[in-house]
Amino acid sequence: MSPMQPVRGTKDFFGQDAEHFRHIVQLALSLGKCYGYLEVMTPIFESANVFLRTLGETSDVVSKEMYVFEDKGGDLMALRPEGTAGVVRAFLSNGLTQNLPQKLFYAGPMFRYERPQKGRMRQFHQIGAEVIGEASPFVDAEVIAFGHHLLRQLDIMDGVTLKLNTLGDAQSREGFRNALVAYFQSVEQKLSPESRLRLQKNPLRILDSKDEGDRELLKEAPRREAYLTPVAKEYFDGVCSSLAAIGILYEIDPFLVRGLDYYSHTAFEFVSSNLGAQSAVLAGGRYDGLIETMGGGATPAVGWAAGIERIMLLSSFVPKDVLDVAIIPISEDQMEAAFVMATHLRHADVSVGLEFQGNVSKRMKKAAKQNVHNVWLIGEEEIQTNHVTWKNMESGEQISLPFAEAMAKMQKFKEKKVFKE
RNA sequence: GCGGGUGUAGCUCAGUCGGUUAGAGCGCAAGAUUGUGGCUCUUGAGGUCGCCGGUUCGAUCCCGGUCACUCGCCCCA
């Protein structure tokens with residue numbers, strides 16, 4: 001229809017949407033400060049290696065969803081499909097290993113080549129939090145508490161539940177994985193085609209299959225609990241009791257898994273049924289092995305990411321009225337005076353609407369439409385006496401005031417507005 | 001990558017069993033109203049009927065392809 005179309009799976013944000021977006025990021029950022037996080041901004045593209053090595057060669061994110069390109073120097077680059085790997089790379093590149101733990105917060109665009117649908121875009125935006133260099137159940141609980149606090153402040157915890165699970169340490173994971181593979185191989189013929197593929201590529205993924213038949217088979221499958229080492233079990237119990245201690249409700253879901261290879265121990269997801277086929281709004285877990293994989297020393301870490309577009313689907317946002325006052329010249333002769341006056345007010349931090357065209361009636365209509373509560377009318381008489389005619393748009397009342405007085409009153413009005421919020 | 005649904009005005013949608021100038025509501029613009037607003041009334045602008053091809057005397061309508069949007073599968077925040 002239109003000659004220029006946006007790239008598939010991308011979206012433009014105007015006005016209210018853009019404000020909504022910014023509101024969420026700002027809330028997360030200031031809350032992050034409250035929890036002691038430092039903001040970090042990393043490039044949106046990295047050497048492809050950063051993701052290839054860390055996410056798991058067989059994960060879909062790497063094998064079919066990554067935007068990879070060769071730059072003019074012949075190096076293989078990738079648009080970041082997620083935040084953690086880049087943050088860890090930055091952590092290592094900048095020698096932050098000397099000062100642990102690091103609590104890092106970020107927000108920005110991510111890119112995945114996927115079929116767009118509700119809550120899923122090719123360019124989407126995430127907020128993320130990572131705590132690198134500390135292994136304590138309290139850290140996991142604190143990270144989750146931050147996410148929980150954010151969702152609560154956004155007023156979207158209604159209808160959102162926290163699902164919790166442990167993937168165990170490397171040893172637990174290995175034992176469980178082997179048992180699971182053995183079991184599913186024995187019933188392979190009954191598995192769905194998708195899950196037969198998963199059995200080859202990523203057997204743990206069968207656990208969260210949506211297929212009815214698979215779910216039936218899962219009832220008889222080995223339980224992860226049985227394969228948890230005492231250390232892994234104790235750690236998970238610690239996370240659960242820490243959450244209970246601060247009154248965060250959760251639901252243990254033994255079938256919860258993580259998509260990316262680097263996760264171990266705690267895994268969690270805040271899920272909602274209002275996101276179409278998607279469910280996770282904020283999800284993460286512990287990834288103790290990742291830093292070592294990327295060439296650093298053995299360093300424990302835990303974090304999460306939240307989809308900003310998904311948060312927007314769940315939350316409502318009412319923008320504030322922007323303009324404090326509209327200045328309306330009665331005729332073109334007062335236009336310059338109105339312009340000068342508007343500038344004075346703006347320098348005093350008062351937001352001013354000024355129309356450049358139309359007669360008084362037109363401009364009044366414009367002001368009304370923009371929900372402006374105050375209008376200053378400037379005519380020949382006002383100019384001569386250095387007054388303004390101040391009209392209250394709600395009551396319809398209007399009074400004449402000397403300009404200086406009107407200016408002072410306007411600033412007071414503004415302050416009052418601020419106090420109210 | 002696979003499957004379903006939908007593409008007509010800026011937005012939400014009618015409509016033509018294939019026929020000459022394609023409609024409504026909202027929105028937008030002008031006027032009624034030359035120093036005063038949301039209501040009302042009048043008038044107006046705005047469309048390659050997604051795109052390409054086929055069938056036909058004739059296609060916005062039927063058929064094929066394609067693109068886009070949307071929902072789901074896969075996967076994931």
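In the text below, chain A, chain B and the rest are named by the order of the sequence lines, each starting its count at 1.
Residues from residues 144-154 of chain A that place a heavy atom under 4.0 Å from any atom of RNA chain B: there are none. The stretch residues 338-345 of chain A does not touch RNA chain B, since none of its heavy atoms comes less than 4.0 Å from the strand.
Going from atom CG of A/L314 over to atom P of B/A77 covers 16 Å, rounded to whole Å. The CZ atom of A/R363 sits 14 Å away from the P atom of B/U36 (whole-angstrom rounding). The nearest whole Å value for the distance from the CG atom in A/N374 to the P atom in B/U36 is 20 Å. Atom CD in A/E397 sits roughly 16 Å away from atom C1' in B/G37 (whole-Å rounding). Look at CD on A/E382: it is 12 Å from C1' on B/U36, rounded to the nearest Å.
The residue A/T389 sits close to a base: some heavy atom pair falls under 4.0 Å. The residue A/E269 sits apart from the nucleic acid: no heavy atom pair falls under 4.0 Å. Residue-level contact check: A/A280 touches the backbone only, with heavy atoms under 4.0 Å from sugar-phosphate atoms and none from bases. Across all strands shown, A/G83 has no heavy atoms under 4.0 Å from either base or sugar-phosphate atoms. Heavy atoms of A/G358 sit nowhere under 4.0 angstrom from any nucleic acid atom. Counting any heavy atom pair closer than 4.0 Å across all strands shown, A/G396 reaches a base atom. Among the heavy atoms of the strands lying under 4.0 Å from A/Q117 is at least one base atom, whether or not backbone atoms are also near. When heavy atoms are screened at a 4.0 angstrom cut-off, A/Q398 is found touching base atoms of the nucleic acid.
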Identify all pairs in which a protein N or O lies below 3.5 Å from an N or O of nucleotides 27-32 of chain B, and state each distance.
from  : atom 1 : to     : atom 2 : distance (Å)
B/C28 : OP1    : A/K369 : NZ     : 2.9

Show me the protein contacts with nucleotides 1-4 of chain B, counting only N or O atoms at under 3.5 Å.
from : atom 1 : to     : atom 2 : distance (Å)
B/C2 : N4     : A/R115 : NH1    : 2.9
B/G3 : O6     : A/R115 : NH2    : 3.0

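Side chains of A/R89 and A/S47: a donor-acceptor N/O pair is absent below 3.5 angstrom, by distance only. Between the side chains of A/Y235 and A/D169, no donor-acceptor pair is found at a separation under 3.5 Å.
The A/K210 side chain lies nearest to B/C73 when the options are B/G72, B/A77, B/C73.
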Problem - Dot-bracket pairing map - RNA chain B, Watson-Crick plus G-U, both contacts under 3.5 Å, | cross-strand - result: (((((((..((((.....[...)))).(((((.......))))).....(((((..]....))))))))))))....
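Take the nearest nucleotide of RNA chain B for A/T10 and for A/D211: the residue whose nucleotide is more 5' is A/T10. Residues A/R8 and A/L282 each lie close to RNA chain B; by heavy-atom proximity, the contact nearer the 5' end of the strand is made by A/R8.
The pair A/D208-A/R205 counts as a salt bridge, with a side-chain nitrogen and a carboxylate oxygen less than 4.0 angstrom apart.
Taking the centre and axis of the six-membered ring of A/F13, the NZ or CZ atom of A/K11 falls inside the cone set by 45° and 6.0 Å.
Judged as a side-chain contact (heavy atoms from CB on, under 4.5 Å), and not counting sequence neighbours, the contacts of A/K163 are A/E251, A/D253, A/L256, A/V271.
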